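Keep in mind it's a predicted model, so treat the numbers as computed, not measured. So that the names make sense, note that chain A is the first sequence line, chain B the second, and so on, each numbered from 1. Excluded from the calculations below are hydrogen atoms, water molecules and symmetry mates; all remaining heavy atoms, backbone and side chain alike, are included.
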Amino acid sequence: MTVDLVWRSLPLSTKELSLSRVLRCGQAFRWNNVNSVWSFSTKDRIILLKQDDQNLHYAYILAESSKDRNGPESTLLFIADYFNLDVKLADLYEQWSQVEKKCRPGSKTTSFAGFPGIRMLRQDPWETVVLFICSSNNNVKRISKMCHSLCHEYGTFINEHDGVNYYAFPQPELLAKPEVEDRLRELGFGYRAKYIQRTASMFMDNENYPHITLDSLWELRSKTSEEAHEYLIELCGVGPKVADCISLMCLDNHDVVPVDTHVLQIAVRDYKFKGPKTMNKIAYNQVKQHLRDLFGEYAGWAQLVMFAADLSDLNNGINQVDGQAIKHEVADMKVEVKQESYVGKVEQVVKVEQVERVSGKRKIKTDMVVKKIKTEA
DNA sequence: TTTCGACCTCTTAA
DNA sequence: ATTAAGAGGTCGA
């Protein structure tokens with residue numbers, strides 16, 4: 001089946017939004033990039049995005065079950081909400097640069113100037129809870145892989161585009177069954193399999209956890225960050241760090257700074273933090289407060305940029321570090337095809353591995369394309 | 001009440 | 001090629 005793809009445009013500079021940074025900097029893990037087009041599935045459609053210097057271009061493909069009669073408008077509303085477009089990023093960057101200049105008077109370049117267009121997303125709360133349960137003791141690459149296999153295994157089929165099948169993110173009722181844990185372990189979730197199944201079942205268990213529901217989770221958006229924190233750490237697999245990530249990335253608590261050992265080091269090295277240098281509850285809260293006081297109402301956003309500036313992955317495909325162009329040369333390309341059987345279906349996975357030289361250094365960029373070739377009863 | 005080891009798997013660096 | 005450390009932690013003893 002072919003779908004007519006209609007692209008629409010929205011004036012938006014790359015300084016306000018850099019898709020390739022925002023979608024790869026460790027806050028969202030479910031976007032695909034196929035032929036320079038970013039794609040993502042919501043509960044009722046596939047969203048497609050690309051951009052040039054001055055415009056964001058968007059298109060959508062509805063699920064066959066969708067009855068939406070005003071697709072262009074609802075897609076634009078989703079985009080405006082998801083990317084927090086009411087927040088003017090350039091102003092914040094300016095403000096943060098001043099803070100950095102004050103703390104590091106000697107440094108020539110700020111981390112903010114070198115990494116423009118990184119803004120906080122406003123993601124779906126349930127999805128964000130699961131994403132960040134997966135994030136513990138883990139890396140961006142593996143988290144992305146886990147998210148995709150979770151949707152593929154349990155999510156409702158939305159539609160197909162360019163040979164790729166898209167699935168919605170599975171709701172709690174689909175993940176609450178006890179047998180989910182074993183299956184997730186098979187899929188490589190490790191000890192997080194138990195956390196996800198248990199947390200999902202908490203949302204389904206009205207007897208023991210009447211206060212934990214999808215409605216009450218969404219209502220946290222209108223409550224304080226302290227209330228959100230208290231609620232979230234009750235969930236299985238959610239500690240203080242993960243709770244703060246969730247709070248920041250989907251519950252509108254823009255000033256919350258999730259702290260890890262890495263952030264502690266940055267706070268000590270660059271931002272004059274004087275306090276405990278090993279991580280514990282006291283240190284956690286002190287660092288969090290210190291950075292919040294320093295960077296203000298959008299401290300969590302500032303921290304995302306600092307984290308992104310340190311992510312080596314993020315430099316792939318973005319041709320700038322300290323104002324110097326990075327050379328990309330395709331050195332080699334490998335295509336691997338393998339069959340995978342799941343319950344009731346056989347699928348072909350095509351793995352394309354592109355080996356590049358980035359400024360002389362060998363890097364492997366992997367794009368996963370899943371193609372369904374056959375379905376059996 | 002705080003500290004510390006175990007925990008799954010995968011990627012990266014040596 | 002092979003190995004070891006580390007990954008934006010959490011849990012329970």
Side-chain angles (χ1 to χ4, degrees), chain A residues 21-22 24-29 111 115 118 120-121 123 128-150 180-199 202 229-230 232-250 256-271 276-288 291 299-316 351 353 355-356 358 361-368:
Chain A
R21 291 194 177 98
V22 167
R24 298 190 305 153
C25 70
Q27 51 175 334
F29 303 93
S111 22
F115 292 84
I118 299 176
M120 192 64 61
L121 298 173
Q123 302 191 68
T128 309
V129 165
V130 179
L131 294 189
F132 283 89
I133 287 175
C134 293
S135 79
S136 78
N137 231 329
N138 211 344
N139 53 58
V140 173
K141 196 165 188 173
R142 186 175 166 211
I143 300 167
S144 304
K145 193 175 153 197
M146 287 160 68
C147 291
H148 279 108
S149 55
L150 188 68
V180 168
E181 180 184 341
D182 286 340
R183 182 59 186 141
L184 290 182
R185 276 186 182 271
E186 286 172 12
L187 291 173
F189 282 66
Y191 61 83
R192 302 161 199 86
K194 183 170 68 181
Y195 296 160
I196 291 170
Q197 185 275 325
R198 285 201 188 168
T199 291
M202 287 169 89
H229 191 89
E230 197 179 345
L232 292 168
I233 57 175
E234 221 184 314
L235 304 175
C236 193
V238 179
K241 159 66 177 18
V242 167
D244 283 344
C245 285
I246 297 166
S247 198
L248 171 66
M249 297 183 183
C250 68
V256 168
V257 180
V259 179
D260 56 34
T261 51
H262 189 56
V263 170
L264 175 61
Q265 284 164 13
I266 291 177
V268 171
R269 191 191 65 199
D270 299 337
Y271 297 103
K277 78 171 190 184
T278 54
M279 186 59 82
N280 57 34
K281 199 177 175 186
I282 309 283
Y284 186 96
N285 287 319
Q286 281 185 7
V287 173
K288 186 172 155 183
L291 293 174
W301 291 44
Q303 200 265 61
L304 181 66
V305 180
M306 292 187 266
F307 174 67
D310 266 22
L311 259 186
S312 62
D313 276 7
L314 209 54
N315 293 331
N316 284 344
K351 189 176 168 188
E353 201 173 77
V355 182
E356 286 188 325
V358 181
K361 199 178 169 189
R362 220 164 152 282
K363 294 247 176 188
I364 296 177
K365 196 189 169 193
T366 304
D367 277 324
M368 187 80 117

Leu235(A)/Val242(A) under side chain to side chain contact (heavy atoms under 4.5 Å, CB included): CA gap, chis, key distance, verdict = CA-CA 10 Å; Leu235(A) 304 175; Val242(A) 167; over 6 Å; no
How close or far is atom C1' of dT2(B) from atom OH of Tyr284(A), stated in whole angstroms?
-> 18 Å
Would you mind telling me which of dC10(B), dC7(B), dT10(C) lies closest to the side-chain atoms of Tyr191(A)?
-> dC7(B)
Return the 5'-most residue of the pair Arg192(A), Arg198(A) with respect to DNA chain C, ranking by each residue's nearest nucleotide.
-> Arg192(A)
Considering only side-chain heavy atoms of Arg142(A), which listed nucleotide, dC8(B), dA7(C), dC11(C), is closest?
-> dC8(B)
For atom CG of Asn137(A) and atom P of dG6(C), their distance in whole Å | 12 Å
So what does Arg185(A) touch, heavy atoms closer than 4.0 Å: a base, only the sugar-phosphate, or nothing?
-> sugar-phosphate
Atom pairs and distances, side-chain donor-acceptor, residues 129-136 of chain A, under 3.5 Å, sequence neighbours left out:
unit_1, atom_1, unit_2, atom_2, d
Ser135(A), OG, Phe132(A), O, 2.8
Ser136(A), OG, Tyr191(A), OH, 3.4

Greater than 12 external heavy atoms within 6.0 Å of Glu230(A)'s CD | no
Could you measure between the two P atoms, the one in dG9(C) and the one in dT1(B), and give it in whole Å?
-> 26 Å
Along DNA chain C (nearest heavy atom to each residue), the more 5'-positioned of Asp260(A) and Leu235(A) = Asp260(A)
Provide, to the nearest angstrom, the distance between the CE atom belonging to Met146(A) and the C1' atom belonging to dT11(B).
-> 14 Å
Nearest to the side chain of Lys141(A) - dT12(B), dA7(C), dT10(C)?
-> dT12(B)
When you measure from the side chain of Arg192(A) to the backbone N and O of Gly237(A), does any donor-acceptor pair fall under 3.5 Å?
-> no
How many Å lie between CG on Asn138(A) and C1' on dT11(B), as a whole number?
-> 10 Å
Between dC11(C) and dC10(B), how far is it from one P atom to the other, in whole Å?
-> 23 Å
What is the nucleic acid contact for Gln265(A), judged by heavy atoms within less than 4.0 Å: base, sugar-phosphate only, or nothing?
-> nothing
Check every strand shown and say whether Gly237(A) touches a base, only sugar-phosphate, or nothing at a heavy-atom separation below 4.0 Å.
-> sugar-phosphate
Interatomic distance, Leu184(A) CG vs dT9(B) P [rounded to whole Å] = 12 Å
Step-by-step side chain to side chain contact (heavy atoms under 4.5 Å, CB included) determination, Met146(A) to Leu187(A) = CA-CA 8 Å; Met146(A) 287 160 68; Leu187(A) 291 173; over 6 Å; no
Writing each nucleotide of DNA chain C 5' to 3' as (, ), [, ], | or . by Watson-Crick or G-U pairing under 3.5 Å yields .||||||.|||||
What is the distance, rounded to the nearest whole Å, between atom OH of Tyr195(A) and atom P of dC8(B)?
-> 8 Å
Would one find more than 12 heavy atoms of other residues, nucleotides or ligands at under 6.0 Å from atom CZ of Arg198(A)?
-> no
Just wondering, do Gln197(A) and Phe189(A) contact through their side chains at under 4.5 Å, heavy atoms?
-> no
Rounded to the Å, how far apart are Leu311(A) CG and dG8(C) P?
-> 7 Å
Gap in Å between the two P atoms, one belonging to dA5(C) and one to dG5(B), rounded | 15 Å
Taking the side chain as every heavy atom from C-beta outward, state whether Met249(A) and Leu121(A) have any atom pair closer than 4.5 Å.
-> no
Say you pick atom P in dG8(C) and the same atom in dT3(B); how far apart are they, in whole Å?
-> 25 Å
Has the side chain of Gln27(A) got a donor or acceptor atom sitting under 3.5 Å from an opposite partner on the base of dG8(C)?
-> no
Atom-to-atom span, CD of Glu181(A) to P of dT9(B) - whole angstrom = 12 Å
Looking at every strand, decide which applies to Ile266(A) at a 4.0 Å heavy-atom threshold: base, sugar-phosphate, or nothing.
-> nothing
